[in-house]
Every structure is written in C-alpha cells, then in structure tokens.
Amino acid sequence: MPHLPTDSPDSVRSLPARRSVLGAMAATAAAPALLGLSSPASAASAAPVAQPRALPGGGDLGPNVIVFDPSTSGIQAKLDEVFRQQESAQFGTGRYALLFKPGTYNGLNAQLGFYTSIAGLGLSPDDTAINGDVTVDAGWFNGNATQNFWRSAENLALTPVSGTNRWAVAQAAPFRRMHVRGGLNLAPTGYGWASGGYIADSRIDGSVGPYSQQQWYTRDSSVGGWANAVWNMVFSGVQGAPAQSFPNPPYTTLDTTPVSREKPFLYLNGSEYRVFLPERRTNARGTTWGSGTPRGTSLPLTQFYVAKPGVTAATLNAALTQGLHLLLTPGIYHLDQPIQVNRAGTVVLGLGYATLIPDNGVTALRTADVDGVRLAGFLIDAGPVNSSTLLEVGPTGASASHSANPTTVQDVFIRIGGAGAGKATTSMVINSRDTIIDHTWVWRADHGTGVGWETNRADYGIRVNGDDVLATGLFVEHFNKYDVQWYGQRGRTIFFQNEKAYDAPNQAAIQNGSVKGYAAYKVADSVTTHEGWGLGSYCYYNVDPAIVQHNGFAAPNTPGVKFHDLLVVSLGGQGQYEHVVNETGAPTSGTSTVPSTVVSYP
C-alpha cells in the first residue's frame with residue numbers, strides 16, 4: 001500500500017489555479033423566433049392574425065456534441081484536441097459532449113478535462129465497448145486532484161489497457177452506468193490529494209482503489225472489492241461493498257437505497273435519437289441494466305426542444321408551454337427570466353455541462369408542484385446581481401404527495417463565484433414533497449475570480465421545506481451561513497460532504513447569536529423525524545485560524561431525529577470544532593488532520 005497523505009488535504013484548494021476567466025460568450029445559434037403578423041390598418045381588408053409559429057422538436061445537437069462511430073477516423077486525435085483545450089480551463093467557456101455510437105472501439109485513451117462529458121449511445125453500457133481508458137488525472141495541477149471538477153462518464157464498457165482505469169476526480173464528476181472490465185483507481189498518479197466523488201448504476205469487475213480519496217459515495221452498483229478508506233466511504237445498494245465498520249475503517253454501508261430513479265440519458269434506436277427515462281425503484285440494490293435492457297420508458301428527440309446557446313428564456317418557456325421537453329446542448333445560456341416548468345413529467349436534460357446564468361437577479365429555473373419532473377445534467381452559475389434563489393423545486397407551500405412519481409434533481413450543480421462575480425441568497429430550495437436529490441454539488445467558490453467574503457456572498461446552500469425528501473450524494477460547501485437547512489418532515493440524507501467557508505474574516509463574521517458559527521447541516525427545531533448516514537464537515541479557516549466552530553451538525557434532540565456515522569475535521573488546525581453534533585463529540589485539536597467522529601446520535 002502506498003503512503004497516504006493525511007494532513008491538510010483540501011487546503012490546497014485555496015491556492016491559485018490555472019484557469020481561463022469566464023468572458024463574454026458570443027451567441028452561437030440564433031433563437032427561433034415567435035412570428036406575429038400585424039393586421040392592415042383597413043378593417044375592410046383585415047386578414048386573420050397569424051398564430052405563433054410552433055417551435056420544432058428534435059434537430060441538430062450543435063457543434064459541441066461530437067458523435068463517433070467505430071468507423072470514424074481520427075478519434076484519438078479529436079479526443080486529444082478537446083482535452084488540450086479543456087485540461088486546465090477550470091473557469092473557461094468551453095463545453096463538450098463526446099458521444100459514442102454502439103460498437104467496439106480499440107486503443108483509445110479519452111482524457112477528460114473540465115466541462116467534458118463522455119457517454120455511450122446504447123441502451124446498455126455493454127452496447128458501447130472501449131478497449132482502452134477514460135482517464136482523469138491531475139498533471140495540470142501538479143498531481144493534486146482536488147480541483148478536478150465538472151466532468152462525467154456515462155453508459156460505456158471499458159477494458160482498461162493496464163487492467164485498471166484511473167478516475168481521479170473531486171466534486172461534480174459523476175461516474176454513471178459504467179461497466180469497468182477491470183479495476184478502478186480513484187487517485188491521481190503519485191497518490192496526491194483527491195476529494196471526490198460519486199458512482200451510480202455501475203459495475204466494476206475488479207477492485208476499486210480509493211487510495212488518497214478522502215470521501216466517496218457509491219449507489220446501486222456492483223464492485224469486485226474496495227481497497228481502503230480515508231475519512232468517509234458510503235455505500236447504499238452496492239453488491240460487493242465492504243461491511244459496515246465506521247469509524248475504523250470508516251465504511252458506512254446500507255444494504256439498499258430506499259428510493260432511486262436513474263438519470264435520463266440520450267441513446268440511439270437505430271438512427272433515431274431517444275431519451276430513456278429509467279423507472280423508479282424502491283429498496284434498490286445493484287445496477288438497473290445487469291440483466292439486459294433497463295426498465296423504463298423513452299421519448300423521441302422530436303418531443304424535445306433542442307436548445308442552443310443564445311436562445312432566450314422566453315423561447316425556452318414557449319417550448320415548454322407548447323408541450324416540449326428541453327435538451328440543453330453544451331454551452332452557456334444567459335437568462336433574463338426563470339425557466340418555468342409547469343407540466344408533470346417534464347424532462348430538462350443538459351449535455352456537456354450546459355450552464356444557465358441568471359443575469360438580472362432572477363431564479364434560473366422553477367418547477368410547479370407536479371409529478372415526475374426530471375432535472376438532470378446542467379450547471380447553474382450565479383449572476384452578478386443577487387438572486388434570492390437559483391433553483392426552486394415546487395412553489396412555496398407545495399403540499400401534494402409525489403411518492404409514486406417524484407421529481408428528481410440529478411447531476412445539477414450550482415456555483416456562486418469562481419467564473420466571475422456572482423451572488424445568491426439561497427442556492428437551491430426544495431418545496432415539493434418526495435423530491436429525490438441524487439448527486440449535487442452546491443458550491444460557493446473559494447478560488448477563481450469574483451471571490452471574497454462579500455464579493456460572492458451566498459448565505460445558504462440548500463433549504464428543504466418539503467416532506468419526505470431524500471438526498472443521495474449531497475455535496476454543499478463554503479456558504480456564509482448554513483450550508484444545509486432542513487425544515488421538512490421525514491427527510492433522509494445518505495452521504496454528505498461539506499467544507500465551511502474558508503474566507504471568514506474573524507469569529508464575529510460567523511457568529512450565530514450565542515453560537516459559534518453556523519452548522520453545516522441544520523435540522524429545524526420543528527422537525528420530529530429525520531435520518532442521515534455518513535455525513536462529514538471540514539473547516540479550513542485560513543484567514544483567521546483562531547475561529548472556533550461550535551459543531552458541524554445541529555438538530556433537535558428527539559428520538560425521531562437520528563444520525564449515523566458523523567465526522568468533523570479541522571484541516572491542518574486552521575480553525576477548530578468544539579463538537580460534532582449538538583453538544584456531542586470530542587473537539588478537534590492541534591494541527592493534525594484527524595476526524596472527530598460520532599457513530600450514532602442520539
């Protein structure tokens with residue numbers, strides 16, 4: 001076993017990163033217009049006024065969706081070209097989706113940089129086989145993988161050249177519906193710092209080696225083995241997962257996932273593009289595709305408005321009103337009004353980290369309190385004018401039950417600052433009952449441009465008001481006050497990763513009345529039933545290392561509110577925690593980056 005670093009692993013995120021600063025983006029595709037005709041002045045010659053032209057469904061996927069088939073020449077050269085552009089473009093404007101038609105591809109190494117998604121176009125991962133690798137490493141950042149954000153792999157079968165595929169990622173880098181015919185290494189070359197990550201609906205025939213990975217969540221998958229753990233490894237519904245043993249080693253293992261529904265995905269049925277909508281599962285375990293075709297329904301691309309950068313929010317809303325779903329092709333979309341999803345069963349699917357920016361303080365996307373909305377695969381970047389919220393699932397006061405057909409929020413990421421000045425009071429608000437938040441990273445930036453305690457002010461990360469909400473893979477970091485606030489009854493979280501804001505100027509700036517600091521995860525005093533498994537909070541108060549955080553977790557002390565396997569960590573002694581949850585748990589101390597843990601609360 002190689003030596004594993006144990007001190008100050010995430011502190012390096014405060015170092016300047018090589019980056020491309022987000023600039024003005026030229027519109028690459030004109031928005032389809034709504035045509036209206038003026039009637040002549042003379043009433044006698046008046047003609048009927050033309051109705052708005054129906055927006056077309058389907059169509060071209062745009063220049064940044066690159067589709068390969070096994071006969072395509074120069075595949076490796078094209079992969080290398082995209083990687084050279086995106087390798088260190090952490091805050092750049094490039095967005096790419098690399099799609100592979102079903103078949104077999106030999107001798108490829110697809111290295112993935114920022115805002116790059118790779119995916120197969122079959123119904124099963126085994127339909128698209130790469131005898132080669134899909135690689136994420138950290139050469140661009142001197143072997144440190146803690147900033148390898150915003151990239152994804154989906155729906156492919158890999159036979160790695162060396163027998164093991166390297167996937168050294170941090171947040172917002174999902175590995176979904178993948179079949180690795182070998183092992184999977186989650187650390188960079190040299191076993192430098194790494195801070196990920198998320199696997200779902202995947203099969204790893206060999207062993208997964210986290211090595212220096214600090215935390216990881218794996219859901220509804222199958223693994224041939226799991227090599228080690230650093231701080232917080234969580235499994236739900238994973239065949240072959242290690243047994244429950246937190247905190248030594250720190251494995252949190254649930255036999256099944258209570259409720260899950262996999263992310264929608266694009267595939268080819270002959271020459272026709274369709275979007276597959278996996279069905280909801282309860283008490284799920286293992287992959288959805290292990291016995292062949294996954295269960296669910298599909299929609300033809302002709303039922304989607306295929307959006308290109310430059311389209312207006314008004315046109316997107318017109319498409320939704322018309323009854324179309326939305327497919328957001330790679331690029332940056334500026335919004336002057338919210339995208340409003342009102343119809344049950346609507347799909348909003350992004351490709352290649354399509355990015356929504358509210359320019360004038362609006363909310364980027366809102367849904368009505370309806371069944372079965374699926375939001376997946378896009379990034380919301382706060383604009384320079386403060387938005388009260390960036391994403392709202394259901395209106396205030398939503399109360400309808402959606403237990404049979406919930407809304408899902410999957411691989412939807414939110415960023416405040418980093419690519420430029422941005423502000424938002426509360427990033428994500430979940431009002432609708434039964435919503436499933438399946439893998440999100442909600443991040444107030446700690447590096448990049450437009451970063452400072454007041455410059456990218458964002459008080460709250462996620463607020464859950466709805467009852468019976470489930471979060472699987474919740475990453476929320478660096479907010480000025482509470483990172484997560486939970487007001488709904490019977491909420492559940494499986495895996496939570498958090499860092500408190502690095503840049504608090506002093507103790508007074510984070511003082512919460514008589515309490516030292518705002519908890520990372522706060523369950524409201526009115527809640528009587530709540531449960532969480534595998535939750536971690538870290539502090540790195542590098543501006544004022546004397547800051548004390550009272551606890552990472554705060555909740556009513558009642559038998560119905562339960563936590564399992566909690567930890568807090570002081571990174572290199574830059575700030576300290578007094579407790580883990582409420583008044584329970586030993587304080588962190590000194591400069592050793594050693595977790596303080598609580599196995600069960602109360």
Side-chain angles (χ1 to χ4, degrees), residues 6-11 214-215 230-232 234 246-248 250 252 460-462 474-487 491 493 495-502 504 506-528 530-542 544-602:
T6 57
D7 57 342
S8 305
D10 268 8
S11 63
Q214 295 147 10
Q215 66 275 315
V230 178
W231 289 345
N232 189 28
V234 180
F246 187 92
N248 187 25
T252 298
Y460 308 109
I462 293 180
L474 191 61
F475 299 73
V476 189
E477 297 190 296
H478 304 154
F479 286 85
N480 294 75
K481 293 184 178 179
Y482 291 118
D483 299 276
V484 173
Q485 298 172 286
W486 209 296
Y487 290 87
T493 296
F495 184 87
F496 171 67
Q497 187 265 326
N498 165 263
E499 289 177 346
K500 295 302 299 174
Y502 293 170
N506 49 48
Q507 187 76 46
I510 64 161
Q511 194 69 14
N512 181 14
S514 62
V515 179
K516 299 172 184 174
Y518 290 81
Y521 189 105
K522 166 67 173 173
V523 180
D525 293 343
S526 58
V527 172
T528 57
H530 187 91
E531 196 159 9
W533 297 262
L535 315 182
S537 177
Y538 323 141
C539 73
Y540 182 72
Y541 288 117
N542 62 320
D544 182 0
I547 289 176
V548 175
Q549 176 82 25
H550 183 65
N551 51 32
F553 304 90
N557 188 358
T558 182
V561 177
K562 304 174 184 178
F563 291 104
H564 314 273
D565 303 353
L566 303 176
L567 71 148
V568 296
V569 181
S570 169
L571 302 178
Q574 305 292 296
Q576 301 291 348
Y577 291 91
E578 291 181 327
H579 300 286
V580 179
V581 53
N582 292 350
E583 310 302 316
T584 299
T588 58
S589 63
T591 58
S592 296
T593 303
V594 176
S596 176
T597 62
V598 168
V599 173
S600 182
Y601 182 87

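Closest of all the heavy-atom pairs between Gln576 and Cys539 is N-SG, 3.9 Å. Nearest approach of Asn506 to Asp544, heavy atoms of both residues: CA-OD2, 3.5 Å. When all heavy atoms are compared, the tightest approach of Trp231 to Pro595 is CD1-CG, 3.7 Å. Nearest heavy atom pair, residue Val548 against residue Lys516, reads O-CB, 3.4 Å. Gly517 and Asn512 get closest at one heavy-atom pair: O-CB, 3.7 Å. A pairwise comparison of heavy atoms in Ala554 and Asn582 identifies CA-OD1, 3.3 Å as the closest pair.
Atoms CG and CG, from Asp525 and Asn557 in turn, are 11.0 Å apart once rounded to the nearest 0.5 Å. Here the CD-CD distance, from Glu477 to Glu499, works out to 4.5 Å after rounding to the nearest 0.5 Å. With values rounded to the nearest 0.5 angstrom, Gln215 atom CD is found 6.5 Å from Phe475 atom CZ. Between the CZ atom in Phe495 and the CG atom in Leu535 there is a gap of 9.0 Å [rounded to 0.5 Å]. The OG1 atom of Thr493 sits 4.5 Å away from the NE2 atom of His530 when rounded to the nearest 0.5 Å. Atom CD of Glu583 sits about 3.5 Å away from atom NE2 of His550, to the nearest 0.5 Å.
Using a 4.5 Å heavy-atom cutoff, the side chains of Asp565 and Pro250 are not in contact. Between Tyr541 and Lys500 the shortest side-chain heavy-atom distance falls below 4.5 Å. At least one side-chain heavy atom of Ile462 sits less than 4.5 Å from a side-chain heavy atom of Leu474. Looking at Ile510 and Gln549, their side chains come closer than 4.5 Å, going by heavy atoms from C-beta outward. A heavy-atom distance below 4.5 Å is found between the side chains of Phe563 and Val523. No side-chain heavy atom of Asn232 sits less than 4.5 Å from a side-chain heavy atom of Gln497.
Tested against His564, the residues Trp533, Phe553, Tyr601 include a single ring pair (Phe, Tyr, Trp, His ring centres under 6.0 Å) partner, Trp533. Here the rule is side-chain contact (heavy atoms from CB on, under 4.5 Å) with Val580, and of Leu567, Asn551, Val568 only Val568 fits it.
The aromatic rings of Tyr482 and Tyr518 sit perpendicular, their planes meeting at an angle over 60°, well past the 30° parallel limit. Ring geometry for Phe496 against Tyr521 counts as perpendicular: the plane angle is over 60°, on a 0 to 90° scale with 30° as the lower cut.
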Go through Thr597 and Phe246 one step at a time and tell me if the side-chain contact (heavy atoms from CB on, under 4.5 Å) criterion holds.
CA-CA 9 Å; Thr597 62; Phe246 187 92; 3.8 Å; yes

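With 3.5 Å as the limit, one finds no donor-acceptor pair spanning the side chains of Gln214 and Tyr538.
In this structure, Ser596 contributes its side chain and Thr588 its backbone to no donor-acceptor pair below 3.5 Å.
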